[in-house]
Amino acid sequence: MEKHLNIVSFNIPYPASYGGVIDVFYKLKALHACGVKIILHAFEYGRVHTDELNRYCEEVHYYQRETGWLAQISVLPYIVNSRKNKSLLANLLKNDYPVLFEGLHTCYYLDHPGLKDRLKLVRTHNIEHAYYDGLSKNSDSLWKKIYLLIESKRLKYYERKLKFANYILSLSTTETVYFQHKYGHEKVLLFPLFHPNTRIEIQQNSKPYVLYHGDLSTPENIKTALFLIDKIAGTDDGIPWVIAGLNPDKSIYRAASQVNNVEVKANLSDTEIKKVIAEASVNILITNQVSGVKLKLINALFNGHFCLANKQMVTGSGLEELCVPVPDEPERIREQIRLYLHKDFSETEIEKRMHALAGMYDNTKNAQKMVELIT
């Protein structure tokens, strides 16, 4: 019996170049491999249509977002109000297949009477109101702080619409507990991040440098990069560093130019970023905000040597035992890096990772679990 699924995506999920769309793309790829006939509905803004999606989907429909000030003037969250589209509803009503809404962003029609008898799943990518509250605290712009705080309040109120979903598919153990408390244990299921890694690929030889990578245009990652350059790398020039990622902010280049042991690598290809992760003796992973599960953590554990991560980075991932805890004090962080910079990465460590990652982060197994829900 053929299985069909509508997937409503908040953005065009290819190229799979950042966390949210990476989860969507590799999920639909894994579902396709399980034999699911996918009808993809994707909102578009800043991304082009691509034939790549036709390899995995029976149909692909695109919808414009209603961006701008008019979409802001609403009691609805902007990320939701800007994604209401009558053509989307009309297309969903053309069939009676289950619907997977990707993120609270796409849930405008979740409670629509026309979808009352449909099997509806919502993939939660974050506890959105908490995520936006964190973004507000990290922003240096007063106006952005105000906007993000307002959006956080609207999202907290709007989240109650999740009660109309048959299943809520959460990303992390922390978020699973949160949503189960609000919507019930049977309705909320843990589905870890879908990602591009198919097997552990850790090379024997590494180079003695420390890597920090991420989207270097976001306030959170900019602050982390500047902290690492100014407080850690800049006070111990005997340790080489690489700061790599998308669109590095000018302040990162300025800070790196003041020291002689930090190299900034911008906009690397997937192959290139995988290479710098694999070659680094130490991958350092720091965040000041608990939200979902970071793809950079998954990539580092599948491909890199020692992973030094702070508590906020690993919370909810189920991967705490695979990482070396990062202390708070800069001096202790430097000591810890020195300890692992020239240390051999053992076969025991690799086997430990294989066991943990195969248990939770196997795309095929997680796609098969999802197929069981829609059968």
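As a basis for the values below, the full set of heavy atoms in this structure was taken, side chains included, without hydrogen atoms, waters or symmetry mates.
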Within 6.0 Å of NZ in K182, more than 12 heavy atoms from elsewhere: yes

Side-chain donor-acceptor contact under 3.5 Å, Y209 with N261: no

Y340 side-chain N/O to C307 backbone N/O, donor-acceptor pair under 3.5 Å: no

Least distance between heavy atoms, D230 atom then A255 atom: OD1-CB, 3.9 Å

Salt bridge flag under 4.0 Å for residues K265 and E272: no

Hydrophobic cluster identity match, I350 and L297, side-chain contacts under 4.5 Å: yes

Same apolar cluster (I L V M F W Y, side chains within < 4.5 Å links), V177/Y183: no

Nearest heavy-atom neighbours spanning S9 and T106: C-CG2, 3.9 Å

Non-hydrogen side-chain atoms of L5 and Y97 separated by less than 4.5 Å: no

Atom pair OG1 (T235) and CD1 (I229), whose distance is rounded to the nearest 0.5 Å: 12.0 Å

CG-CG distance between L189 and L169, expressed to the nearest 0.5 angstrom: 6.5 Å

Ring centres under 6.0 angstrom apart (F10, F43): no

Partner of H125 under side chain to side chain contact (heavy atoms under 4.5 Å, CB included), chosen from L193, V24, L104: V24

Donor-acceptor contact present, side-chain N267 to main-chain N247, <3.5 Å: yes

Side-chain touch N166/L373, heavy atoms, less than 4.5 angstrom: no

Where V324 and Q336 come nearest, the two heavy atoms and their spacing: CG1-NE2, 3.4 Å

NZ or CZ of R154 within 45° of Y157 ring axis and under 6.0 Å: no

Side-chain heavy-atom pair L319, Y361 within 4.5 angstrom cut-off: yes

Backbone of R254 reached by a side-chain donor or acceptor of S257 within 3.5 Å: yes

Cation-pi geometry met for K120 and F164 (6.0 Å, 45°): no

Minimum side-chain heavy-atom gap L93-L115 below 4.5 Å: yes

Backbone of M360 reached by a side-chain donor or acceptor of N366 within 3.5 Å: yes

Euclidean distance, L322 CG relative to E320 CD, rounded to 0.5 Å: 9.0 Å

Neighbour count above 12 (heavy atom, 6.0 Å) for N95 CG: yes

Flag if over 12 foreign heavy atoms under 6.0 Å of CD, E186: no

Under 3.5 Å: donor-acceptor pair, side chain of R65, backbone of N11: no

Carboxylate-amine/guanidinium proximity below 4.0 Å for E52 and R55: yes

Sub-4.5 Å side-chain heavy-atom contact between E159 and I127: yes

Exam field: side chain R353 to backbone E349, donor-acceptor pair closer than 3.5 Å: no

K153 NZ/CZ over Y132 ring centroid, <6.0 Å and within 45° of normal: no

Aromatic centroids of Y56 and F25 separated by under 6.0 Å: yes

Sidechain-backbone polar pair: E279 side chain, K207 backbone, donor-acceptor under 3.5 Å: no

Ring geometry between H305 and F345 (parallel below 30°, tilted from 30 to 60°, perpendicular above 60°): tilted

K94 and N91: side chain donor to acceptor below 3.5 Å: yes

Side-chain (D133) to main-chain (H129) donor-acceptor, under 3.5 angstrom: no

ILVMFWY cluster, L308 and Y212 together (side-chain gap under 4.5 Å): yes

Closest approach of V60 to C57 (non-hydrogen atoms, all atoms of both residues): CG2-CB, 3.8 Å

Any side-chain heavy-atom pair of L119 and Y167 under 4.5 Å: yes

Salt-bridge contact D236-R338 (side-chain N to carboxylate O under 4.0 Å): yes

Minimum-distance pair of heavy atoms, taken over all atoms of K145 and K137: NZ-O, 3.3 Å

Atom of K369, atom of F191 and distance for their closest heavy-atom approach: CB-CE2, 3.7 Å

Any donor-acceptor pair under 3.5 Å from K294 side chain to M313 backbone: no

ILVMFWY network linking V282 to I273, side-chain heavy atoms under 4.5 angstrom: no

I286 reachable from I277 in the ILVMFWY side-chain graph, under 4.5 Å edges: no

S281 side-chain N/O to L341 backbone N/O, donor-acceptor pair under 3.5 Å: yes

Sub-4.5 Å side-chain heavy-atom contact between P196 and L295: yes

